[in-house]
Number of protein chains: 2
Amino acid sequence: MSVTVEKALQLIEALAGANGPVGVSQLGRDLQINKSTVYRLLDTLVRHGYARQEEDGARYALTVKLWEMGIGVVRGLSLPRAARPLLEQAAEETGETTMLAVVQGREALIIDKVDSRHPLQIFSPLGARLPIANSAMGRVLLAFQPEPVIDAAVEAFAPRTEFGIQTPAQLRKDLARIRAEGASQSCDEWQIGIAGAAAPIRDASGVVAGAFCITGPTARLCEDKLSALRTRCLEASRTISQLLGYAG
Amino acid sequence: MSVTVEKALQLIEALAGANGPVGVSQLGRDLQINKSTVYRLLDTLVRHGYARQEEDGARYALTVKLWEMGIGVVRGLSLPRAARPLLEQAAEETGETTMLAVVQGREALIIDKVDSRHPLQIFSPLGARLPIANSAMGRVLLAFQPEPVIDAAVEAFAPRTEFGIQTPAQLRKDLARIRAEGASQSCDEWQIGIAGAAAPIRDASGVVAGAFCITGPTARLCEDKLSALRTRCLEASRTISQLLGYAG
DNA sequence: AACGCCGTTCCTATATTTGAAACGGCATGC
DNA sequence: GCATGCCGTTTCAAATATAGGAACGGCGTT
């Protein structure tokens, strides 16, 4: 483990997290790193175009270089490329918001989406994270994770509303059902008023690489409608899986 | 300058640039870094969630963490927030593709856009870079850069087509005109068949922070139309500048 | 069976990082 | 108008984390 690189990464994360420029001393205090060290590392980041000093000659902020490289990362992935047309198609046909999510750490991360055109719609920006156990999108990803990850998530489970799954035992049962049925749906579980359906996408090796989700206000999505959306997710995810080379 | 961090950044860039997983030895050869060092640095990146080892237990690739943090960077910027509604509005009204660009290094970087709905439209993905001297978008940014940057760009100038500006002298004159008129336009200069107009956006301190651009096929944009789009860019960029706190 | 390449681990000389201290600039408060 | 405090920046000797050659075990090819 390279401690110097670790500090540099901490610095980048701190700058990305702050919503504005930060000073050398401030960063040193926040991260418990010596001021001189912070300065030298920032200097390195600046020289390589990752950060820049504000016009006031004091505080530092990240440049768009990180964003640009991030764009390169997702562009390099075959998943979003394959999924994009189906996101658009399903959004068009159902009139609801469609999303593509992957597992990142212990949460589900939205890496692409197509917004509904309804005046009443779900607000969830690109890059947003959702709890992995309290939503259809999260659970469909969780269900196909390795045992230890599932166990950890089940143990750490806590309901976020009074609806849907309330206990670790129910969660474990639901995950088994998802594996059996190949799709999931939920209502008012993550946030009151939001419902959604999701299905897993598999890559060429059969590993679940992401989730195809359709989400909308509970007000519009009665049980029947939600069930239809779940089927829609299944179809879309199957198509995408095939595009990725999944034979099953 | 921290050499360790520099190597780590090189590693990240190499991984982001490659369109697939790369092995330790390969990276070492490409970047001329010792295999052991590459391994240790990669290990650090993996432990912090920036990279992961592929299922084959061999090669390494970046995760979406970089993308996620990049998203945070642009979200933190006030420019895209302020510009977004006007990009949408102008795209709706003109029917052409609208873009928001900033200077990154010696090029113009597209950080947001709204696509035209014409069947014939300009292909320029988010994160694409345009030469700073061979397009309306680039020149409107270049015109307000510090002297040395302008001088360097003028010296390095080379036409990309047989249309529009052809010599460094013409470029320098055009930049002066842009500063006087406050907007620019171009036709068939970057790529044959593409025309565009652009105007600079200023932040609260009066510094040019970005460019508002409208672009479309030369086939649709005759001289008159292009001139109207230039005016449209000016209006939009003025509005955005005001939103950012620019008083002038 | 031998080879070559892979990712990984080990180890020590050494080059790098570290962090306290001091500098000059700038604002604030007395 | 002086003193104080915080800022980013620079310096430098001591400490240490890094570098990189060498070797390991695994794997596929020859």
Side-chain angles (χ1 to χ4, degrees), chain A residues 1-63 65 76 146 204-205 207, chain B residues 1-63 65 76 146 203-207:
Chain A
M1 284 271 264
S2 172
V3 297
T4 316
V5 173
E6 285 196 295
K7 286 177 186 166
L9 294 177
Q10 280 182 60
L11 233 47
I12 293 178
E13 288 176 27
L15 286 172
N19 44 4
V22 191
V24 173
S25 303
Q26 185 66 43
L27 283 168
R29 261 178 271 121
D30 293 350
L31 306 176
Q32 313 234 48
I33 304 177
N34 187 284
K35 206 168 58 155
S36 317
T37 303
V38 171
Y39 178 74
R40 194 159 33 81
L41 294 177
L42 276 179
D43 189 50
T44 306
L45 292 179
V46 169
R47 281 175 201 266
H48 285 76
Y50 289 84
R52 69 153 194 280
Q53 196 166 20
E54 290 298 297
E55 284 79 10
D56 56 10
R59 299 163 308 164
Y60 289 81
L62 292 179
T63 67
K65 177 152 183 177
S205 62
V207 174
Chain B
M1 284 274 262
S2 172
V3 297
T4 315
V5 173
E6 285 196 296
K7 287 176 186 164
L9 293 177
Q10 278 182 60
L11 233 49
I12 292 178
E13 288 176 27
L15 287 172
N19 44 5
V22 190
V24 173
S25 303
Q26 186 66 42
L27 283 168
R29 261 177 271 123
D30 293 350
L31 305 175
Q32 314 233 46
I33 304 177
N34 186 284
K35 206 168 58 155
S36 318
T37 303
V38 171
Y39 178 75
R40 193 157 35 80
L41 293 177
L42 276 180
D43 189 51
T44 307
L45 292 179
V46 169
R47 281 174 199 267
H48 285 76
Y50 288 85
R52 70 153 194 280
Q53 197 167 18
E54 290 299 299
E55 285 78 11
D56 57 11
R59 300 163 309 165
Y60 289 82
L62 292 179
T63 67
K65 177 154 183 176
D203 65 16
S205 62
V207 173

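- The side chain of B:Val3 sits closest to C:dT17 out of D:dA17, C:dT17, D:dG20.
- Between B:Leu41 and A:Gly23, the residue whose closest nucleotide on DNA chain D is further toward the 5' end is A:Gly23.
- A:Arg40 comes within 4.0 angstrom of a nucleotide base, judged by non-hydrogen atoms across all strands.
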Give the intermediate values and the outcome of side chain to side chain contact (heavy atoms under 4.5 Å, CB included) for residues B:Ile33 and B:Leu27.
CA-CA 8 Å; B:Ile33 304 177; B:Leu27 283 168; over 6 Å; no
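- The interatomic distance linking B:Gln53 (CD) with D:dG26 (C1') rounds to 14 Å, in whole Å.
- Heavy-atom distances to DNA chain D give each of B:Thr4 and A:Arg29 a nearest nucleotide, and the one nearer the 5′ end belongs to A:Arg29.
- Comparing B:Met1 and B:Tyr60 by the nucleotide of DNA chain C that holds the closest heavy atom to each, the one mapping nearer the 5' end is B:Tyr60.
- If you measure from atom CG of B:Leu31 to atom C1' of D:dG20, you get 16 Å, rounded to the nearest angstrom.
- The side chain of A:Lys7 contributes an N or O atom lying less than 4.0 Å from OP1 or OP2 of C:dT18.
- For the pair B:Val38 and B:Leu11, the minimum side-chain heavy-atom distance is below 4.5 Å.
- For the OP1/OP2 pair of D:dA19 and a distance below 4.0 Å, the side-chain nitrogens and oxygens of B:Ser36 include no atom meeting the criterion.
- Between A:Thr4 and A:Leu41, some side-chain heavy-atom pair lies under the 4.5 Å cut-off.
- Computed from coordinates, the B:Lys35 NZ to D:dC24 P distance equals 13 Å when rounded to whole Å.
- Note: CG (B:Leu11) to P (D:dA19) measures 11 Å, nearest angstrom.
- What separates CG of A:Asn34 from P of D:dT10 is a distance of 15 Å, to the nearest Å.
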Before you tell me yes or no, could you show the steps for A:Leu45 and B:Leu9 under side chain to side chain contact (heavy atoms under 4.5 Å, CB included), namely the whole-Å CA-CA distance, both residues' side-chain angles and the distance that decides it to 0.1 Å?
CA-CA 9 Å; A:Leu45 292 179; B:Leu9 293 177; 4.1 Å; yes
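- Note that NE2 of A:His48 and NZ of A:Lys65 are 7.5 Å apart. Values are rounded to the nearest 0.5 Å.
- A:Leu27 has its CG atom 15 Å from the C1' atom of D:dC6, to the nearest Å.
- Using a 4.0 Å heavy-atom criterion, one finds that A:Ser25 contacts the sugar-phosphate atoms exclusively.
- For A:Gln26, no side-chain nitrogen or oxygen approaches OP1 or OP2 of D:dC7 to under 4.0 Å.
- Distance, A:Tyr39 OH to D:dC6 P: 21 Å, rounded to whole Å.
- One interatomic measurement links the two molecules: CD of A:Gln32 to P of C:dG19, which rounds to 12 Å at whole-angstrom precision.
- Distances shown here put every side-chain N or O of B:Arg59 at or beyond 4.0 Å from the OP1 or OP2 atom of C:dC5.
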